[in-house]
Student: 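One structure follows; several queries about it will come next.
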Amino acid sequence: MKLLLSEKEIQGKVSALARKISRDFSDREVLLVGVLKGAFIFMADLARKMTVPVKMDFVRLASYGSGTQSSGKVRFTKDLETPLKGKDVVVVEDIIDTGITLKYLCRCLKARQPRSLKVVTLLDKPKRRKVNFAADYIGCKIDDHFVVGYGLDCAEEYRNLRGVYILK
Ligand code: PRP
């Protein structure tokens with residue numbers, strides 16, 4: 001494994017994202033929506049660095065089809081427990097790859113009429129995009145490497161690593 005982002009680098013990026021989001025929402029309450037499982041560690045750190053009041057909820061999504069080839073169809077395997085109407089919502093994701101998951105999720109969440117809907121991702125792989133999707137807040141753009149750690153897995157392993165590593 002090769003280190004891509006150290007714990008210190010990640011924490012610096014998470015602090016900067018928390019500052020920017022807190023500034024943009026100043027006195028408002030933000031509902032953080034974490035996309036399980038990968039985002040849980042990033043969300044825990046981000047939430048504790050934010051300076052506006054936050055509430056938290058989670059969704060879990062699965063794409064139809066098997067293996068690494070996504071069919072492009074997504075479904076909820078765990079939905080939110082919180083109504084979104086009138087809320088300021090920030091979706092928290094660990095990584096954006098093809099963009100298929102977030103494009104689907106944002107379309108579904110917008111239909112629930114939040115006051116605002118933004119997306120923060122720690123990592124972004126713009127070269128892998130299959131659909132047009134851009135996050136509002138991005139920690140770091142990376143090349144097309146298979147990365148693990150800080151929530152990201154390979155067959156459920158390595159999520160607990162403090163850094164992000166390229167799996168060779
Ligand atoms: C990853 C990641 C995103 C999605 C991004 O989750 O956390 O949710 O893939 O891919 P896309 O942009 O191509 O749609 P994964 O399906 O690996 O599940 P996990 O978070 O439970 O590991």
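First listed ligand is number 1; within each ligand, the first listed atom is number 1.
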Student: Would you confirm whether Arg60, through its side chain, and Lys78, through its main-chain N or O, come within 3.5 Å as a donor-acceptor pair?
Tutor: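 Not confirmed, Arg60 side chain does not pair with Lys78 backbone.
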Student: Between Asp94 and ligand 1, find which residue part has any heavy-atom pair under 4.0 Å and reply side chain, backbone, both or neither.
Tutor: side chain
Student: Heavy-atom distances under 4.0 Å decide this one: backbone, side chain, both or neither, for Glu93 against ligand 1?
Tutor: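 For Glu93, the contact with ligand 1 is made by the side chain alone.
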Student: Which atoms of ligand 1 sit under 4.0 Å from any heavy atom of Ile100?
Tutor: 12 (O), 14 (O)
Student: State, to 0.1 Å, how close Thr121 and Ala135 come at their nearest heavy-atom pair, and which atoms those are.
Tutor: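 Heavy atoms of Thr121 and Ala135 come nearest at CG2-CB, 3.9 Å.
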Student: Sub-3.5 Å donor-acceptor pair from the side chain of Asp136 to the main-chain atoms of Val119, do we have one?
Tutor: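 Such a contact is found between Asp136 side chain and Val119 backbone.
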Student: Does any N or O atom in Gly38 lie less than 3.5 angstrom from one in ligand 1, N or O only?
Tutor: yes
Student: Once salt bridge (Lys or Arg N to Asp or Glu O under 4.0 Å) is applied, do any residues pair with Asp88, and if so which ones, sequence neighbours excluded?
Tutor: Arg28, Arg115
Student: Would you mind running through ligand 1 and noting each atom that sits below 4.0 Å from a heavy atom of Thr98?
Tutor: 11 (P), 12 (O), 13 (O), 14 (O)
Student: Does some non-hydrogen atom of Lys130 fall short of 4.0 Å from ligand 1?
Tutor: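 No, that is not the case, since the closest heavy atom of the residue is not under 4.0 Å from the ligand.
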Student: Using non-hydrogen atoms of the residue, decide whether Arg60 is closer than 4.0 angstrom to ligand 1.
Tutor: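 Per 4.0 Å heavy-atom rule, Arg60 contacts ligand 1.
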Student: Does Lys13 reach the main-chain N or O of Glu9 with its side chain, forming a donor-acceptor pair under 3.5 Å?
Tutor: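 No, the answer is negative, given that no donor and acceptor are paired below the 3.5 Å cut-off.
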Student: If you count the atoms of ligand 1 from 1 in the order shown, which ones are under 4.0 Å from a heavy atom of Ile95?
Tutor: 2 (C), 3 (C), 5 (C)
Student: Validate the cation-pi geometry between Arg48 and Phe40: distance from NZ or CZ to the six-membered ring centre under 6.0 Å, angle to the ring axis within 45°.
Tutor: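 Not flagged: Arg48 not positioned over aromatic ring of Phe40.
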Student: Hey, is ligand 1 close enough to Gly99 that some N/O pair sits below 3.5 Å?
Tutor: yes
